[in-house]
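Below is one structure; the comments refer to it alone.
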Amino acid sequence: MATIDGLPPLREVIAAHGLVARKQLGQNFLLDLNLTARIARAAGDLTAADVLEVGPGPGGLTRGLLAEGARHVLAVEKDARCLPALAEIAAAYPGRLEVVEGDALELDLTGRLTPPVRVVANLPYNVGTELLVRWLTPAVWPPFWESLTLMFQKEVAERIVARPGEDAYGRLAILAQWRCTARVVLMLPPQAFTPAPKVHSAVVHLTALPVPRFAADARVLQRVTAMAFGQRRKMLRASLRGLAPQIEAVLESVGIPPTARAEEIDIERFSALARAVAPAAGGQAPPA
Ligand code: SAM
């Protein structure tokens, strides 16, 4: 069967290299190269970008990225068994694919990437969420990446893009949407993967804004939302009691009813609250 790049179909690659999926590495592979090319297209224009791919496995998504014209792909994979299959892809795209063996949670590869950088990954869900939070909370903003295109369990994707008032709205939505645009670009049923996981999946595309939507100190905003959503069923005057003296008056001063609950409050008002409590919460008040 012809493939998008003339390389063998992924089933043959997996059989040839004995890549039996390992559960402990979260290995649920995408074998449909038309689907991986679609995910690559959802990442935006790759022709002038370096792509950081985390967890390439047998290389389905890697091949999609290269076929869609990625200038350079730096792929980090923990499972050494996948390296020979990835080397075959590198040979088919001379100078455009570099593979690093290692744990993405431990390696800092930013120095090996030339901006603009787009991050694309189909990762085990726990690793993906951990990396997402790290990528959203760098020491300086804008971050090293321009966009993130990441596969998640559907429920996690819903938490990233949720709006105020929705059940899924919480810390992750605020973290993501305070200084990114975030949208679900593709939904995938379990059968899209081999082996099929128990859950549905979704690809989320995040684009970094040059500056946050609303001024606030990142650490203070995170502290406020952690307290507010830590007890999300409580009224804010109760859940935020320890945040600042006379919290009811502070809430009212930024237009938040003290009897409101965290899930009703939008990012603009959480940012205003973070500014108002910044001196008491130990953060720096941003310029007015
Ligand atoms: N990208 C491939 C695809 O779409 O078919 C593989 C996806 S599979 C869900 C996840 C991949 O991430 C596996 O190849 C696994 O070995 C790798 N992986 C798991 N944990 C990792 C980590 N901490 N660092 C780098 N790679 C990891």
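One-based numbering, in listed order, for ligands and for the atoms of each. None of these values were measured; they are calculated from a predicted model.
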Just list the N/O pairs, ligand 1 to protein, that are under 3.5 Å apart, with the distance for each.
from	atom 1	to	atom 2	distance (Å)
ligand 1	1 (N)	G55	O	2.7
ligand 1	1 (N)	P56	O	3.4
ligand 1	4 (O)	N122	ND2	2.7
ligand 1	5 (O)	L30	N	2.8
ligand 1	14 (O)	G57	N	3.4
ligand 1	14 (O)	E77	OE1	2.8
ligand 1	14 (O)	E77	OE2	3.4
ligand 1	16 (O)	Q27	NE2	2.9
ligand 1	16 (O)	E77	OE2	2.6
ligand 1	23 (N)	D103	OD1	2.8
ligand 1	24 (N)	A104	N	2.9
ligand 1	26 (N)	K78	N	3.4

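Each of L113, V117, D50 was checked for a side chain to side chain contact (heavy atoms under 4.5 Å, CB included) with L74, and the lone residue meeting it is L113.
Once rounded to the nearest 0.5 Å, the distance linking CZ of R232 with CG of D167 reads 7.0 Å.
The closest side-chain donor-acceptor pair between Q177 and R213, if any, does not fall under 3.5 angstrom.
Proximity of a side-chain donor or acceptor of E146 to a complementary backbone N or O of A208 within less than 3.5 Å is not detected.
Looking at every heavy atom in both residues, P58 comes nearest to L10 through O-CD2, 3.9 Å. Taking every heavy atom of both residues into account, R179 and P138 meet most closely at NH2-CD, 4.0 Å.
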